[in-house]
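Have a look at the structure below, then the notes.
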Amino acid sequence: MAKTNERAEDPCPLVYQCRLPLSTHTVNHLADLLRRHLKAIRSRWRILPPGRIAVIVLAVLRHDQRLADMAGGNDVSESTVRRWRDELIALLAAQAPRLDRALKKVAKQRGEVVLIDGTLIRTQRRTGKADRRNYSGSSTAAMACTSLP
């Protein structure tokens with residue numbers, strides 16, 4: 001193999017396509033939310049149409065695509081994609097029911113299990129002397145309560 005002094009990154013970035021497994025209903029719902037929001041705040045334009053913004057934000061949220069990668073592939077800045085992401089998360093959150101109302105509905109339907117927070121966070125085990133059991137104080141308290149007679 002010959003040694004070259006060429007850089008791996010070319011000034012002309014490569015753009016690739018990938019499949020995003022989403023229903024059209026999901027994309028249209030998010031795009032409609034954005035359209036209504038833009039009309040409410042009397043925004044005259046965005047650099048991309050609401051449908052395309054919805055797809056970009058969903059790619060970031062569903063596939064953990066890097067903001068810089070999505071920005072470069074769509075000829076916008078990283079801060080623009082970040083702003084779109086935050087804006088659409090806020091619009092979706094505004095539609096979510098309040099916790100007290102959701103719990104009343106579950107109780108009314110005689111629900112037994114409620115998932116309060118379904119956030120998945122990537123973690124790494126520590127190595128060496130720092131390797132110790134990670135635990136939540138609330139779960140150990142729950143285990144202590146179950147062990148009582």
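Predicted model, so just to flag it, every value in this text is computed and none were measured.
Rounding to the nearest 0.5 angstrom, the gap separating the OG1 atom in T80 from the CZ atom in R85 is 12.5 Å. I56 CD1 to D69 CG: the interatomic distance, rounded to the nearest 0.5 Å, is 12.5 Å. Within the model, atoms OG1 of T26 and CZ of R62 stand 8.0 Å from one another, a figure rounded to the nearest 0.5 Å. Between atom NZ of residue K104 and atom CG of residue L99 there is a gap of 11.0 Å, rounded to the nearest 0.5 Å. Atoms CD1 and CZ, from I41 and R36 in turn, are 14.0 Å apart once rounded to the nearest 0.5 Å. We find the CG-CG distance between L22 and N28 to be 11.0 Å, quoted to the nearest 0.5 Å.
Contact between L88 and A54 at its shortest, heavy atoms only, is CD1-CA, 4.4 Å.
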Ignoring hydrogens and angles, write down the donor-acceptor pairs under 3.5 Å from the side chains of residues 46-53, residues two or more places apart or on other chains.
| from | atom 1 | to | atom 2 | distance (Å) |
| --- | --- | --- | --- | --- |
| R46 | NH1 | E87 | OE1 | 2.8 |
| R46 | NH2 | E87 | OE2 | 3.1 |
| R52 | NH2 | N74 | OD1 | 3.0 |

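For D100, the side-chain hydrogen bond (donor to acceptor under 3.5 Å, both in side chains) test picks out R98, with sequence neighbours left out.
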Practice problem: Take L34 and W84 through the test side chain to side chain contact (heavy atoms under 4.5 Å, CB included) and record every step on the way to the result. | Solution: CA-CA 10 Å; L34 183 57; W84 289 342; over 6 Å; no
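Taking 4.5 Å as the limit, every side-chain heavy atom of I89 sits out of range of all side-chain heavy atoms of V57. For the pair L33 and Q95, the minimum side-chain heavy-atom distance is below 4.5 Å.
D86 and R83 are not joined by a salt bridge, as no carboxylate oxygen comes within less than 4.0 angstrom of a charged side-chain nitrogen.
Just one of R101, K108, Q109 meets the side chain to side chain contact (heavy atoms under 4.5 Å, CB included) condition when paired with K105; it is Q109.
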